[in-house]
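The structure under discussion appears below in the form of structure tokens.
All values below were derived from every heavy atom in this structure, side-chain atoms included, with hydrogens, water molecules and symmetry-related copies excluded.
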Amino acid sequence: MPPAGKLTKRISLQQPTDTVDSYGQPTRGWSTYATVWAQIVPTGGSEPSVGDEQQQERVHRVTIRYTAGVYSTHRALYGTRVLNFQSVVDPDERHEWLEIEATERTG
């Protein structure tokens, strides 16, 4: 558990909102449900190929104070950066902190 002084990044937690467009096609949008302080620590990365294009994928550990209703299907915005959640863990099961593994695609 990091001390509160380490939670220096302001992030917006978002959940998917699925709707249907005017053509009847499903559309995924995102809605912000909380803005919290976080610690973001890079833990690794890779460069997967998508078609002929190289992309970088960075992995981060995001730590926030416990917030109910945070799931691995959610994401966070940190400025213009999008952090897609891979896992959400309450490490000591005392509802004090959440440790989130998140990926960010760049390039």
Side-chain angles (χ1 to χ4, degrees):
M1 153 179 18
K6 296 283 186 179
L7 304 178
T8 59
K9 312 291 189 217
R10 196 75 165 154
I11 63 171
S12 298
L13 301 177
Q14 295 189 320
Q15 62 189 0
T17 54
D18 295 328
T19 59
V20 177
D21 67 16
S22 60
Y23 297 104
Q25 298 298 313
T27 304
R28 170 141 301 172
W30 295 90
S31 63
T32 298
Y33 63 90
T35 301
V36 299
W37 291 101
Q39 178 184 44
I40 302 173
V41 178
T43 60
S46 64
E47 292 188 13
S49 294
V50 177
D52 292 335
E53 202 174 302
Q54 283 290 111
Q55 292 188 351
Q56 284 189 336
E57 185 173 87
R58 297 181 186 149
V59 180
H60 304 281
R61 185 179 65 245
V62 179
T63 304
I64 62 172
R65 289 193 172 109
Y66 182 83
T67 303
V70 179
Y71 301 106
S72 60
T73 56
H74 295 185
R75 72 181 191 179
L77 292 182
Y78 174 52
T80 59
R81 297 164 61 185
V82 177
L83 306 174
N84 294 299
F85 295 176
Q86 303 302 310
S87 67
V88 179
V89 177
D90 180 356
D92 57 8
E93 297 184 354
R94 294 177 55 188
H95 300 320
E96 293 178 349
W97 301 96
L98 291 177
E99 289 186 0
I100 301 163
E101 181 178 313
T103 58
E104 172 189 16
R105 292 210 172 172
T106 61

[atom1]/[X] to [atom2]/[Y] distance, rounded to the nearest 0.5 angstrom?
X      : Y     : atom1 : atom2 : answer
Thr103 : Gln56 : OG1   : CD    : 13.0 Å
Gln14  : Thr73 : CD    : OG1   : 12.0 Å
Glu101 : Thr43 : CD    : OG1   : 6.0 Å
Arg58  : Arg81 : CZ    : CZ    : 6.5 Å
Tyr78  : Ser12 : OH    : OG    : 12.0 Å
Tyr66  : Asp92 : OH    : CG    : 11.5 Å

Heavy-atom check, side chain of [X] versus side chain of [Y], under 4.5 Å:
X     : Y     : value
Trp37 : Arg10 : yes
His74 : Leu13 : no
Trp97 : Arg65 : yes
Gln86 : Ser72 : no
Phe85 : Val70 : yes

The single option from Leu83, Ile100, Leu7 that satisfies side-chain contact (heavy atoms from CB on, under 4.5 Å) with Ile40 is Leu83
side-chain contact (heavy atoms from CB on, under 4.5 Å) test vs Gln39 passes for just one of Thr63, Thr8, Ile64, Val62, namely Thr63
In terms of heavy-atom contacts, Glu96 and Asp90 come closest through N-OD1, 4.4 Å
What one should report as the nearest heavy-atom pair of Pro42 and His60 is CA-ND1, 3.6 Å
Are Leu98 and Val41 joined in one hydrophobic group, where the rule is that I, L, V, M, F, W and Y side chains link up if heavy atoms are under 4.5 Å apart? no
